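Keep in mind that this is a model prediction, so the values were computed, not measured. Quick note on labels: first sequence line is chain A, next is B, and so on, each numbered from 1.
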Amino acid sequence: MQRTLVKNALRSDSDCESILIQGWIRTRRDSKDFSFLAINDGSCLKNLQVIVDATLPDYTKIDQLTTGASVSIEGKLIASQGKEQKWELAARKIDILGIADHTYPLQKKGHTSEYLREIAHLRPRSNLFGCLFRVRSRLAYAIHTFFQERDFVYIHTPIITSSDCEGAGELFRVTTLDPSKPEASKDGIDFSKDFFGKPTYLTVSGQLEAEIFACALSNVYTFGPTFRAENSNTSRHASEFWMIEPEMAFCDLNGDMDLAEEFVKYLIRDFLNHCQEDLELFAKFVDKELLKRLEFVVDREFKRIPYAEAIDILRESGKTFEYPVQHGANLQSEHERFLTEEHFKCPVTVFDYPREIKPFYMRANDDGTTAAAMDVLVPRIGEIVGGSQREERLDVLANNMKEHNLNLDTYWWYLDLRRYGSVPHSGFGLGFERMLMFITGVANIRDIIPFPRTPGHAEF
RNA sequence: UCCAAAGUAGCUCAAUGGUAGAGCAGUCGGCUGUUAACCGACGGGUUGUAGGUUCGAGUCCUACCUUUGGAGCCA
């Protein structure tokens with residue numbers, strides 16, 4: 001007999017003589033003559049209520065039907081007499097697939113996310129984390145849909161790389177050398193004896209490789225894991241996280257900002273349209289302001305202002321900030337939040353940042369002091385998108401690289417893109433987990449990623 | 001890495017420097033078309049670790065560990 005998902009059983013438009021449900025018991029409530037079971041199989045937030053009559057032969061097993069046990073139940077789908085649900089299952093036959101004894105750590109009552117983090121192998125069985133990971137899947141699907149509908153080509157950029165995308169943070173080294181007996185040379189470790197014959201790392205960004213493909217297939221995107229060995233201990237940073245990086249040939253900074261705005265709005269709208277049940281749970285238990293904030297972003301045009309203007313606004317605000325506001329310095333979290341939450345009261349795209357605080361690949365503007373860079377700022381999270389128009393002029397790029405003390409020989413292929421058929425092109429990066437945090441209201445990145453990796457933590 | 005707060009039963013939390021407690025969970029029993037059911041009983045603790053102050057420390061002090069929040073770096 002074919003299994004029916006709880007989601008589909010609850011959506012049924014008529015009763016059904018015989019269906020098979022398989023899942024895990026959330027609660028059991030006993031009466032004298034029968035018991036209620038709540039079964040969840042992860043297909044949706046809601047449980048299916050099962051009635052087990054005490055006259056059933058299988059009722060002798062009732063003591064083993066505890067929270068967490070896995071069961072396979074066949075019976076009749078009937079209209080429920082209770083008011084909390086439309087349908088319920090009158091059990092005919094119950095098979096216990098796996099018992100869960102009293103040591104099962106998940107209880108019927110709510111747990112803190114800090115506690116659930118310690119049992120990351122069981123937390124997907126909780127209501128909140130079930131919702132989160134279903135939404136994570138849906139968001140990944142929406143990302144692909146957005147780009148595929150717009151004729152972007154999905155590129156798999158390498159996870160092991162020999163180039164460090166300068167400015168993106170500390171790298172994890174990839175090596176097969178024995179750390180207790182490294183192949184020594186007079187300068188230290190001899191990486192020519194290493195697996196790839198040179199130093200290699202886990203990627204911090206697929207951007208440079210994506211540029212290669214944009215300069216052939218026009219519009220491309222990457223969507224994959226990236227790694228940072230930074231000792232960052234915050235609720236917004238992980239050592240392993242996923243990033244989306246579109247790259248477009250024949251596109252300038254304005255086109256880049258257009259796409260970023262359209263993309264962010266598309267993802268939020270997709271969530272609002274397809275994850276109603278999950279949204280209600282987040283809005284109720286995670287963040288009461290969630291719906292208001294999502295509509296805030298979806299309904300408004302993003303305000304676009306040059307960096308210099310943003311600095312002037314901050315200076316003239318009369319507010320005292322912990323970090324001083326000055327031309328040439330990076331915007332701090334408090335500055336970003338002031339702009340979106342207090343001054344403009346809408347998402348803000350800041351562009352044309354000073355060249356000195358931006359990486360070598362960003363295009364120099366004609367004013368000689370700024371770069372064609374942009375950041376999209378949203379309430380609460382701050383920067384959610386960072387992007388730029390790339391420097392397409394060979395001589396200017398080479399100069400930038402020298403100013404950043406980079407070895408031109410190691411980037412020979414990157415320079416080749418400007419040597420042969422160079423085109424203006426632009427792109428941006430969006431942190432997948434940051435976007436999920438914004439969409440769900442969940443405040444800690446460790447609750448958004450199935451198995452978080454942070455300094456000192458690589459469990460499971 | 002820096003700043004701040006916290007750590008007590010399986011979970012969530014109480015306890016003026018003076019006998020460590022509740023709710024939930026668990027076990028046992030009862031009751032009811034129940035729905036994070038309800039009622040009763042029972043079991044459950046080296047108060048994060050190591051020192052110190054004190055007649056006496058969960059409580060005060062020091063160090064360390066862990067967690068959380070904020071900052072920097074960034075996505």
Side-chain angles (χ1 to χ4, degrees), chain A residues 26-40 46-53 63 66-68 78-85 88 90 100-119 126-127 165 167-170 203-207 224-245 285 321-323 329-337 357-359 375-378 381-387 428-438 443-449 454-457:
Chain A
R26 282 294 179 80
T27 67
R28 189 187 86 216
R29 295 177 292 275
D30 296 326
S31 291
K32 190 187 277 179
D33 300 323
F34 52 88
S35 294
F36 296 104
L37 301 176
I39 307 294
N40 189 283
K46 290 202 171 70
N47 304 321
L48 180 67
Q49 174 159 292
V50 178
I51 314 296
V52 189
D53 198 283
D63 287 346
T66 56
T67 301
I78 54 172
S80 177
Q81 297 173 35
K83 53 181 178 297
E84 301 287 318
Q85 61 278 318
E88 62 189 21
D101 69 15
H102 68 279
T103 61
Y104 184 65
L106 289 177
Q107 301 175 4
K108 299 174 194 176
K109 291 247 171 187
H111 292 289
T112 60
S113 51
E114 289 81 18
Y115 172 68
L116 291 170
R117 230 172 268 154
E118 297 169 14
I119 48 169
S126 68
N127 284 340
C165 192
E170 297 292 313
T203 183
V204 292
S205 164
Q207 181 202 310
T226 48
F227 308 87
R228 304 281 166 89
E230 292 287 348
N231 190 14
S232 295
N233 295 288
T234 84
S235 54
R236 300 179 311 283
H237 292 84
S239 310
E240 177 182 311
F241 63 98
W242 284 57
M243 196 154 59
I244 301 108
E245 295 176 293
F285 293 112
F321 295 102
E322 192 186 337
Y323 287 85
N330 250 318
L331 293 180
Q332 302 294 323
S333 300
E334 56 177 346
H335 305 148
E336 295 174 348
R337 295 190 62 165
I357 57 172
K358 290 294 176 185
D375 286 344
V376 177
L377 314 176
V378 293
I381 301 272
E383 179 188 338
I384 196 162
V385 166
F428 63 81
L430 176 134
F432 185 50
E433 283 77 16
R434 292 258 175 105
M435 190 65 198
L436 268 168
M437 289 168 76
F438 186 73
N444 197 313
I445 196 168
R446 287 173 271 245
D447 297 328
I448 282 293
I449 192 162
T454 52
H457 296 278

If only side-chain N and O atoms of A/T27 are considered, is one of them under 4.0 Å from the OP1 or OP2 phosphate oxygen of B/rA36? no
Please tell me if A/H457 has a side-chain N or O lying less than 4.0 Å from either OP1 or OP2 of B/rU67. yes
Using only modelled atom types and a 3.5 angstrom limit, is any donor from either the side chain of A/S232 or the base of B/rC73 paired with an acceptor on the other? yes
Side chain of A/Q49, base of B/rU34: donor and acceptor closer than 3.5 Å? yes
Report yes if at least one side-chain N or O of A/R29 is closer than 4.0 Å to OP1 or OP2 of B/rA37; otherwise report no. yes
Please check the phosphate of B/rG70 (OP1 and OP2 only) for any side-chain N or O of A/T234 closer than 4.0 Å. no
Is there a donor and acceptor pair closer than 3.5 Å between the side chain of A/N47 and the base of B/rU35? no
Using the test salt bridge (Lys or Arg N to Asp or Glu O under 4.0 Å), find all partners of A/R446 that sit at least two apart in sequence or belong to another chain. none
Between A/Q332 and B/rC73, does any side-chain N or O lie under 4.0 Å from OP1 or OP2? yes
Beyond-backbone contact of A/E322 with A/E334, side-chain heavy atoms, under 4.5 angstrom: yes
Report yes if a side-chain nitrogen or oxygen of A/N444 is closer than 4.0 Å to either non-bridging phosphate oxygen (OP1 or OP2) of B/rG69; otherwise report no. yes
Examine B/rG33: is either OP1 or OP2 under 4.0 Å from a nitrogen or oxygen in the side chain of A/S80? Give yes or no. no
Any A/R28 side-chain nitrogen or oxygen under 4.0 Å from OP1 or OP2 of B/rU35: no
